[in-house]
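Structure, as structure tokens:
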Amino acid sequence: LWFNLSGIETQCSRLAEKTVEDGSEPGPLIRELMDKLADLLIRITEAACAAESFDKVMFTGGVASSKYISGILKEYFADKNISIEFGKQTLSQDNAVGTALLGGKEIWR
């Protein structure tokens with residue numbers, strides 16, 4: 001259940017530099033990055049569910065707030081034996097909600 005994004009980061013950095021140098025549109029680069037992230041989330045979700053014997057997963061946070069990525073995941077898992085849910089998009093765009101909840105743990109005890 002381990003993964004490393006340094007290869008993707010290096011590849012995207014090189015492509016981004018080339019994009020800037022030749023003045024081309026960044027759209028294809030961005031789409032490739034998002035597709036690779038979605039593929040990673042699919043593979044890691046399937047591996048985690050198989051390793052831990054569960055069939056329900058909740059995605060939250062910045063990447064999960066992407067309509068593009070959540071659309072790919074919803075389509076992929078639609079006919080699988082894994083149920084996926086996503087946090088509210090407005091609460092997933094940054095880490096403010098999670099940080100606030102962590103800080104409030106002491107107060108609510």
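Just so you know, these numbers use all the heavy atoms, side chains as well, and skip hydrogens, waters and symmetry mates.
I72 has its side chain within reach of D35: a pair of non-hydrogen atoms, C-beta onward, lies under 4.5 Å apart.
Between the CD1 atom in I44 and the SG atom in C49 there is a gap of 10.5 Å [rounded to 0.5 Å]. For the atom pair L33 CG and R31 CZ, the distance stands at 12.5 Å (nearest 0.5 Å). Here the straight-line distance linking atom CD of E9 with atom NZ of K36 works out to 14.5 Å at 0.5 Å rounding.
The environment of CD in E85 is sparse: at most 12 heavy-atom neighbours from other residues, nucleotides or ligands sit within 6.0 Å. Environment of CG in N81: sparse, with no more than 12 heavy atoms of neighbouring residues, nucleotides or ligands closer than 6.0 Å.
Results of the side-chain contact (heavy atoms from CB on, under 4.5 Å) test with L73 over I82, I42, V57 single out I42 as the only residue that passes.
Connection of L1 to F77 is established within a shared hydrophobic cluster, with ILVMFWY side chains joined at heavy-atom distances below 4.5 Å, either directly or through further cluster members. Residues M58 and F54 do not share a hydrophobic cluster, clusters being chains of Ile/Leu/Val/Met/Phe/Trp/Tyr side chains in contact below 4.5 Å. Taking hydrophobic clusters as Ile, Leu, Val, Met, Phe, Trp and Tyr residues chained together by side-chain heavy-atom distances below 4.5 Å, F3 shares a cluster with L37. Residues I69 and L29 do not share a hydrophobic cluster, defined by chaining ILVMFWY side chains whose heavy atoms lie under 4.5 Å apart.
Here K80 pairs with nothing under the salt bridge (charged side-chain N to carboxylate O under 4.0 Å, His left out) rule; sequence neighbours left out.
The two residues Y76 and D79 come nearest to each other via the heavy atoms O-OD1, 3.6 Å. Pairing each heavy atom of E32 with each of L15, the nearest pair is OE1-CD1, 4.1 Å.
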